[in-house]
Amino acid sequence: MIFYDFVLNLDPRTTACRLIVGLHGTGQSIGEPTVLPTVYTEPATRAVGTSGGANAVIGARQPVPKCPADSDLGVVVELQLSGGPASEYDKHSLITRAWVKVPLFDNDAKLIAGKFRIPFRNVPIKPFLHASELQKLEKFDDAELYYRIVNMRDSEVQSLLNISASNHQQYNQPTIPSLYKSPTPVQNPPPPPSIGSRMSSRELRLPSITPTGAPLLPRDTTIGFQVDRVKKAEYGEGKVRVTAYYASTGKVVQSSTSPVTCSTTAVKSNFKYGFHVFGQQEATFNNVDMQGDMILIARFYLRKRQDIVTDDIILHDQQHDATLYDEETLVAWTAVPLVMSTEDLSLRTRRNFNPNTMNINTGTHTLKLFYPPVPDSTQIPFDNRPYKSDWTRYGKASLRLHIFQGQPRPGSLTPSEESAEDGEEVLPEFAWLPLDRKTPPKEPFLIGDGFDLYIDGCRFLPDSVTFSKVAGRVLDRKYGVFGKDINTTVKLDSDIYNPVYENKIEFRESNIPPSATLLLKIYTLDNFYKSLSVVGYATLNIFVESGTERQPTVDQPGLQISLNEGAHQLRLYSQGPNGVDPLSESSLRDANIRIVPCASALVRLTRVPKGSTGKALEQSKVPETDWLRLGLHIPRPRYTDRIYYSSKCLPTKGESRLFHSMMKRPSIPMRDAVAKLAKAKESFYRSDKNIEEYIRNKLTKGQDNKAIDQDLTYICQYNPKSGVKIAVDSALNLPWTNFTHAHICLNPPGAFYMGAPHAAYDKLTFTELLDLKSTNTSPTWKDGFKHFPRRSFHRFLCAIIHLQEVQVTIARENYKYGLLEQAWTAVQLFVDKYAYTTTFQLPLFQGAPTPQMLKQLAREPCRDWMERNIRNNTIYLLEGASVFVRASDGRRDDELAGNVAASKLVEVNTDYIPAQLEADYTRERPGKVLESLVPPGKAPDQFNDSLAIKFKNLVYKLYEDDKVNK
C-alpha cells in the first residue's frame, strides 16, 4: 500500500496541485495511469517547508495487490500545478511541472517500506528510466513528495495516522536500488490479482500486474455492469436494459445462474436538468461462459412528458414497471464490444476466447445513443468505426456505463456536486487577459503638466443593460471636484454588453491634488425595471508616489508624484462611495461593496506633450492633422492587444464560470436596443442624431428621473448545470432553551414531507457545524454553502428551511437526545429565470410544513403565499424569530462571503419580514452560550460532532415513524 501524504516546498504562487500515478518498469508501462484528487495549496509555516513557499496535503492511498518483487518496478508520479511561474496567461489550468519515480523494491527483492521523501525532477517525463538514473536529472526547485510504503497487512493501522506536514522530519530519503543486479532464477509467477475489495472515495488502485513472460493463466469470469446516467434525452420516465450477446449466433450470453441481462429501476428527468440519473445501479454475473465475440447492447425505454415543470414530485409507480418494456417506449439503443482483441478477426474466428490476445473491455464508456430499430448483434462491427451510416443519432443523447471484471469499481459514477463537467471552471480564451505593470511610474508630474483621460469601453456588462454611457469626475479625498465633468457618448454599432465609447477628456488644470481619484458611473436604461439605473461604479487613482504603486494620501506641497500612466481595466462595484469616508482608489473595495460580476471599464491615462512655450498642448489649438503625430490622439487599442493593466479584475472562480455563459449571449447593437425601447416610426431610426438624442435624454438624471442602483440578481440567466447554493448562517430570537440544528430541502419536490418512499428521491441537507460560541436563542452555524447542482428551473422553486430544538439529557451514564420544538420558513430562489444571489432574513413559522402547503407553494410566489396565509391564520409566526439565509446562483456563491468582519456592513434582504413588525425582528434577546450547555464529561468538539449525527438520526426516525408533520 502506498500513502501519498503531502508535497512540500512549492512556489508560493501555486494555488492547486494534482498527482497522476502509474506503474512502470524499465521497459514498459503496466496499465493506465490513475488521476488522484485535486487539492488546494496552503502557505508554508516557518516550521514546515521553505519559508514563503506553499504546501499541499494529498491524503490519498493506493493499494498495489500481489505485485511482483522487482527492483525495476517503480511508481511514476506526475506533478500538475496551477498558478506559479509561467502561468501568467492562465492561472487556473493544471499544467505538468515535474515528476519522480518512486522505487518499490530493493536489489534483494525486499519491499522498501517506511516513511520517505523524494525530490521531484524537471520535465520531460522519462518513465522508463531506472529509479537510480533520476539522480542525474535536474531537481524541480526544492519540491519534494512525502509518502509511505507499507505491507498490505499494516495498511489499516497506517490509514489511521494523522497526516500533517508538521511531521515532515519523520520522513527519510529512500534506499534507491542500483541499476545492475545479479541474475536470479525465474520463479513461478504469482497468479493475476483480482481488483480487490471496495475502497473509500480517496483510495485508488493501480492496474492489475502480469509479469512479462508469464505463462497463460485463467482469467476471472465474473463480469458486471454499473449504469450511471442517460444525458440529453427527452423528458420523462426512463429505464435502461443491458444485454450481452454472442455476436456470431445472436444468442444471449449465459452465466452460471442466469442470462447476462439486467435493467435499472425507472427514474424521472425532472430532478436533474438534462439527466436521467441512475447512480450506481449494478449487476454482477459469475462464471460467464466466455467467448471472444461477446457484445453488449443497451436499450433505453422512455415514457415521454411534454412539459418539464412540475408542481408535485413525480415518482415511479412500481406496479406499472412492465409497461415501460415494449416497442412503443423503446426510444434509443447503443452497443459496445464486451471483448477487445489485438488481432483483426472475423466473427467465426473470434468465438474462442484467447487470453493472450483478448481482454474484457473494462472501464467507463460514454456511448452515443441511436434511434430504433436495434440491429441484430451480428450486424454490429467490432472495429473502431463510431457507427454505421444507416444508424441515426438520438439527438445528442448518450449513455454512460461502467464494465468491470471481478469486483465492481468503488464509488458512484455520478459527477460530484463540485464537478465542472463542461470545463467551465477554466477561464474562456480572451475573457480576461492578465497584465501587471512591470515597473512603477518614476517620471515626476510637475505643475503645468497635463494629462488626457480616454474612456474606451466596458466589458461583460450584465443582462439588465440596454444602451449606456459613462459619467464621472476627478475628486480629492474630501470629494472636491477638479476639472471637467465626464459625460460620454456611445458607438451605436457596438454591443450593449461590450460597449465602445471612444471618448477623450483633457485635463490641463494645475491644481489637481496628489490624492485625486477618478470616480466613474456607468448609466443604462434598465431592461427589467425600464428606468434609469447605475450599472456600476469604478475608481482609479490619478497619481502615484514616484517609483511606487501607492496612491498619495496627503496633499502637501513638495511630495514627488507621477502620473498613473497607462491603460487600466477597472472592476465595477454595485454601489458608490458613502460620501463620508475619505475617497481613494480602494474605497469601494475596502467598504466590502459587492462587485458587479465580470463587468469592467477600460480607461487610459496618458501624458501630454508640451509646446514651445512649455505649456501642455490642447487639441483645440493644434490642427487635427497633427494630433496623432504629437500624441494628442492615441487610437483605442483592442483588448486582445494585452495592454490594459488587469490585476485588479482577476476573475474569481465563479466569474470564470459566468464568462462561459456571457460569451454565448448574442451581440445586440446599441441602435437595435433603442429601436426595441423607443417604439418610434422607422424613419426615426434612419438618423443617428435622433438615436443619440434619444439616448442622451433617457440617460440624463433629473428631478423626475433619478437613477437606481444595479439589481445584482439580473447578471446572467440561471444555468441548471450549476444549480443553486444555500447557506443557513444563523437564527435570531428562538424561544428555545436547548441546541438547534436545521435541514434544507427544495420544493418542488419537497420529497421529505411526502413520506415513504419519496424521501429517497431527494434527500435532506443538514447543518452540521453548530457554533458553540453562539447562544441558544440566536445560534449560528459555520457550514457555509450547501450545493444543489443540476436543478431544473421551476419559477416557484423554494428552499424549505426547517429548524428543530435538540435536547440532551443524562440518564444514568448515558446521554439521551430528543427533538422538542420546531419551526420552518421558505424562500423563493428564482425570479424571471434568474437565481437570487443575496442574504435573506426570513420569519420563522411554528411547527412544520404540511404536504398541502408545499403543493400550494409550488404554484404561486412564496411571499404572496406567506402574506395571505399569515392574514388567514393558516400559519403562525414564531414571534420575533427569524433565520438568516444566503441563497445564490451556483456560480456566484463567492460574492456572498460568510466570514465578513463585524466592522463591515452586509446588505440583507428583509422583504419577507411582515410589514409593521420590522422592529420585532431587529432586537436580539439574550441567551446562554451553547458551550455552557455541553454535558459534563463531553469535549465541546466531540460533542458537536455527535450532536450533528444524532440530529440526522432523529429526523430520519421521525420519517420512518411517519411523524414528520406532527
Side-chain angles (χ1 to χ4, degrees), residues 1-41 49-50 53-62 64 67 70-87 90 92-105 112 115-149 165 168 171-179 204-207 209:
M1 178 79 76
I2 304 176
F3 292 84
Y4 301 95
D5 291 341
F6 41 85
V7 175
L8 299 188
N9 304 329
L10 296 171
D11 186 279
R13 293 167 289 178
T14 304
T15 57
C17 168
R18 181 170 70 185
L19 301 183
I20 300 177
V21 298
L23 193 61
H24 286 263
T26 55
Q28 64 174 343
S29 62
I30 302 176
E32 294 296 320
T34 303
V35 180
L36 274 62
T38 301
V39 298
Y40 292 103
T41 60
T50 303
N55 301 331
V57 177
I58 307 299
R61 58 178 178 173
Q62 186 176 34
V64 188
C67 180
D70 190 338
S71 63
D72 285 343
L73 284 178
V75 176
V76 173
V77 181
E78 177 181 342
L79 177 65
Q80 293 188 335
L81 304 173
S82 63
S87 297
D90 186 353
H92 300 276
S93 297
L94 288 160
I95 302 171
T96 300
R97 299 293 191 192
W99 72 289
V100 71
K101 191 169 188 177
V102 174
L104 297 178
F105 299 94
I112 305 174
K115 293 183 176 181
F116 302 109
R117 58 185 177 90
I118 191 168
F120 281 101
R121 306 291 172 172
N122 281 332
V123 290
I125 299 174
K126 299 178 180 180
F128 302 120
L129 288 181
H130 192 273
S132 62
E133 296 178 289
L134 267 64
Q135 315 302 315
K136 304 173 185 177
L137 301 181
E138 184 180 358
K139 293 183 180 180
F140 177 66
D141 298 331
D142 295 320
E144 291 183 315
L145 171 67
Y146 288 72
Y147 65 96
R148 287 172 286 151
I149 298 180
H168 69 285
Y171 294 73
N172 301 311
Q173 293 284 350
T175 301
I176 305 296
S178 60
L179 178 59
L204 302 142
R205 184 172 297 281
L206 288 173
I209 302 164

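- Counting all heavy atoms, side chain and backbone alike, Leu36 lies closest to Arg18 at O-CG, 3.3 Å.
- Partners of Phe105 according to the ring pair (Phe, Tyr, Trp, His ring centres under 6.0 Å) rule, which considers only residues two or more places apart in sequence or in another chain, do not exist here.
- With a 4.5 Å cut-off on side-chain heavy atoms, Val102 and Val21 do not count as touching.
- Rounded to the nearest 0.5 angstrom, His168 NE2 and Lys115 NZ are separated by 12.5 Å.
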Exercise for the section: Start with the C-alpha distance between Val77 and Ile118, add both sets of side-chain angles, then the distance that settles side-chain contact (heavy atoms from CB on, under 4.5 Å), and finish with yes or no. Expected result: CA-CA 11 Å; Val77 181; Ile118 191 168; over 6 Å; no

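- For the atom pair CG of Leu79 and CD1 of Ile125, the computed distance is 9.5 Å after rounding to the nearest 0.5 Å.
- Side-chain contact check for Val7 versus Ile58: some heavy-atom pair is nearer than 4.5 Å.
- Interatomic distance, Leu81 CG to Thr38 OG1, rounded to the nearest 0.5 Å: 11.0 Å.
- Side-chain atoms of Asp142 do not come within 3.5 Å of backbone N or O of Leu10 as any donor-acceptor pair.
- Close placement of the Tyr147 and Phe116 rings is indicated, their centers lying within 6.0 Å of each other.
- Considering every non-hydrogen atom in both Thr175 and Ile112, the closest pair reads O-CD1, 3.2 Å.
- Applying the salt bridge (charged side-chain N to carboxylate O under 4.0 Å, His left out) test to Arg117 and every residue at least two apart in sequence or in another chain returns Glu144.
- Residues Asn122 and Lys139 approach most closely at ND2-O, 3.3 Å, considering heavy atoms.
- For Phe6, the ring pair (Phe, Tyr, Trp, His ring centres under 6.0 Å) partners two or more places apart in sequence, or in a different chain, are Tyr146, Tyr171.
- Among all heavy-atom pairs drawn from Ala98 and Phe120, the shortest one is CB-CB, 3.8 Å.
- Taking CD from Glu133 and CD1 from Ile176, the interatomic distance works out to 12.0 Å, rounded to the nearest 0.5 Å.
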Practice task
Could you walk me through whether Val75 and Ile2 pass side-chain contact (heavy atoms from CB on, under 4.5 Å), step by step?
Solution key: CA-CA 10 Å; Val75 176; Ile2 304 176; 3.6 Å; yes

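- Scanning all heavy atoms of the two residues, the minimum distance from Gly22 to His24 falls at O-CD2, 3.5 Å.
- Listed by chain and number, the residues in a side chain to side chain donor-acceptor pair (under 3.5 Å) with Thr96 are Glu78, Gln80 (sequence neighbours excluded).
- Once rounded to the nearest 0.5 Å, the distance linking CG of Asn9 with CG of Asp141 reads 9.5 Å.
- Other residues, nucleotides and ligands place more than 12 heavy atoms under 6.0 Å from the CD atom of Gln173.
- In terms of the salt bridge (charged side-chain N to carboxylate O under 4.0 Å, His left out) criterion, residue partners of Arg148 (sequence neighbours excluded) are, by chain and number, Asp5.
- Contact detail for Lys101 and Ala131: the closest heavy-atom pair is O-CB, 4.3 Å.
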Problem - Stepwise side-chain contact (heavy atoms from CB on, under 4.5 Å) test for Lys126 and Trp99 - result: CA-CA 9 Å; Lys126 299 178 180 180; Trp99 72 289; 4.1 Å; yes

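- For the pair Asp11 (side chain) and Arg13 (backbone), a donor-acceptor distance under 3.5 Å is present.
- Checking side-chain atoms of Thr41 against main-chain N and O of Ala54 turns up no donor-acceptor pair under 3.5 Å.
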